[in-house]
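Notes to accompany the following structure.
So you know, we letter chains A, B, ... as the sequences are listed, proteins then strands, and number each from 1.
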Amino acid sequence: MIMDKLNVTLTAVKNLRSNVRQCFEHLADGTDGEGVEESRNKFVHEFQEKYNNINSQLREVEQLINGLQVPPTAYHLGNTTYLAQETSQDRQALYPQLVNSYKWIDKVHDHSFLAFNNLNQNTLRRSYNYCSQKRQRLPFSSFNNDPDHIEKLLSEINYPTHTTYKVFRPFGSNAVAIVTIANVLKAAIVFKGVLIEWVTVKGFDEQLDHDDLWAESRYEVFRKVQEHTHSAMLHFYSPTLPDLAVKSYMTWLNSHYKLFLEPCKRCGKFIANGLPPTRRDLRTLEPFHEECRNC
Amino acid sequence: MGVTVLQPYPLPDGKSGAHIIDLLGKRLLSLGATHAGQFLVDCETFISTPQHGAPTRAVHVLHNSEYPASTFSMIDNGTGKQVSLVADNIFDLLMLKMTATFTSKKQTKIESRGARFEYGDFVIKLGSVTMMEHFKGILIEIEYRPCVMLSYCWEMIREMLQGFLGINVAKEYPSYFTTQTIINAMGQQQVHPKQNDIYEPMDTVKQYLEHFTNYRKHVQMHTAMGGTGGGGVGGPVVMGMQPSSVGGAGMGRA
Ligand SMILES: [Zn+2]
């Protein structure tokens with residue numbers, strides 16, 4: 001009840017204010033004609049009407065205010081109550097909490113800054129992250145699933161005569177290319193759009209068909225080569241130039257036809273730990289043993 | 001299925017076969033290889049009973065423990081032309097039924113057996129060749145399993161062999177691969193570079209047959225050298241003669 005009365009009073013005050021405002025606006029506008037008796041009379045008449053309105057509303061407001069009672073308890077004003085409260089730091093114990101959240105926000109800022117820099121340097125962002133964040137910005141994105149595009153892209157690559165490939169699509173529109181490099185190895189390259197998502201490497205005499213794209217090779221050497229193909233996949237990854245990325249990757253992959261034929265560039269030997277040089281330099285395509293790359 | 005190469009290991013004077021095998025095994029282990037079972041390749045030769053006008057034919061029957069369900073055989077008609085066949089084990093029983101036309105030369109039954117090692121994708125077998133219980137020599141088998149063509153991996157295999165055998169291995173492909181002939185479209189015999197072919201299990205068996213044939217040819221020579229020339233594997237006589245070299249097996253930890 002009390003609240004209702006208060007609301008009615010507040011509305012009355014609001015009306016009063018808007019009427020006063022209208023009246024003043026009317027006065028400020030003045031008369032439109034010049035010395036015409038008729039319009040002057042009309043103007044004065046309208047002013048009197050507005051003025052009477054104001055008077056009656058003022059009376060109404062006074063009546064309503066008189067009708068208000070002092071509330072027995074304090075109003076519940078939600079969060080605004082805090083505004084008028086005691087703000088002594090000692091009583092509120094807010095200071096330590098504030099310091100903590102300040103520190104926390106500071107840390108979040110630092111960490112996100114470092115993470116941002118790191119992620120920009122290493123192009124480790126993979127398709128899913130990329131997909132959710134930036135799809136709208138690239139109208140011709142690398143996830144363009146135009147089925148003919150991959151076929152066209154692969155056919156444009158200048159393969160050496162010893163390399164053959166065939167494309168099939170066991171996962172809807174996404175392509176899988178089985179590349180056979182000389183009589184040395186087979187690789188299944190799983191695409192998502194134009195991006196390379198996965199590579200499986202197997203020996204020439206091993207089965208590699210679409211039922212079994214994820215099984216590892218039974219030979220240690222091809223398991224190692226597969227590890228390196230995965231790091232190369234991240235190295236060549238480029239969302240802005242996906243076609244170039246695929247082409248550079250295929251060039252690199254093709255250099256494996258000399259997997260057993262070339263000694264390590266560093267130590268000059270064929271075998272280290274029972275394995276040939278399994279790692280190929282990403283730019284020069286030179287072969288190295290895994291143990292020899294960092295020394 | 002990889003490429004296999006056989007390498008006879010020359011036996012130094014005064015050393016027993018068992019001692020050398022022991023030494024080579026220790027070298028492989030210290031290199032990081034693991035011992036992975038035993039192996040056996042054997043060969044028995046049958047000769048056709050002489051008939052009027054027809055030349056005698058030989059049938060070589062071989063088994064390889066790497067392919068335990070198969071029997072390999074080769075018919076040699078005496079004119080250098082060979083026909084090879086891979087069959088199920090039951091082929092052995094068939095040969096027993098054919099005693100009327102083919103008789104076994106029991107005294108030339110020859111085999112290579114010993115330890116099998118794995119090193120990375122390499123399989124290395126240290127074989128002692130024996131004929132009629134007589135030790136003939138050491139025959140090393142090395143297989144590089146991931147590769148299907150000798151020309152791709154010969155340098156690797158060669159480096160591996162030289163590494164643990166400590167002997168010089170010629171740069172040329174082993175003779176088995178370079179001396180194969182085929183009949184071309186014109187009906188002429190032509191040398192066929194087998195190092196560029198996809199390697200097959202039969203190639204391993206044929207290489208063994210080549211080496212076994214060589215060992216058989218040396219029978220007369222060995223016996224002429226005086227009885228004990230090919231002492232049994234680890235024969236007590238030879239071991240007894242070289243007590244110092246037995247103690248010297250520590251050389252293997254090179
Ligand atoms: Zn190296």
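For CH2 of A:Trp214, the number of neighbouring non-hydrogen atoms (other residues, nucleotides, ligands) closer than 6.0 Å is greater than 12. The neighbour count for A:Lys265 NZ, taken as heavy atoms of other residues, nucleotides or ligands under 6.0 Å away, does not exceed 12. With a 6.0 Å radius and a threshold of 12 heavy atoms from other residues, nucleotides or ligands, A:Gln207 has its CD atom at or below the threshold. Counting non-hydrogen atoms of neighbouring residues, nucleotides and ligands closer than 6.0 angstrom, the CG atom of B:Leu93 exceeds 12 such neighbours.
Comparing A:Leu275, A:Asn273, A:Leu259 by heavy-atom pairs within less than 4.5 Å of chain B, the highest count is held by A:Asn273. Comparing A:Phe222, A:Tyr219, A:Tyr257 by heavy-atom pairs within less than 4.5 Å of chain B, the highest count is held by A:Tyr219. Comparing A:Arg218, A:Glu220, A:Lys202, A:Glu206 by how many heavy-atom pairs each has under 4.5 Å with chain B, the most go to A:Glu220.
Using a 4.5 Å cut-off between heavy atoms, A:Lys269 touches chain B through backbone and side chain atoms alike. There is no contact between B:Leu31 and chain A, counting heavy-atom distances below 4.5 Å.
Using non-hydrogen atoms only and a strict 4.5 Å limit, the part of residues 143-158 of chain B facing chain A consists of B:Tyr144, B:Arg145, B:Pro146, B:Cys147, B:Val148, B:Met149, B:Ser151, B:Tyr152, B:Cys153, B:Glu155, B:Met156. Taking non-hydrogen atoms and a 4.5 Å limit, the residue list of residues 110-127 of chain B in contact with chain A, ordered by number, reads B:Tyr119, B:Gly120, B:Asp121, B:Phe122.
One distance of note links CE of B:Met160 with CD1 of A:Ile271; it measures 5.5 Å at 0.5 Å rounding.
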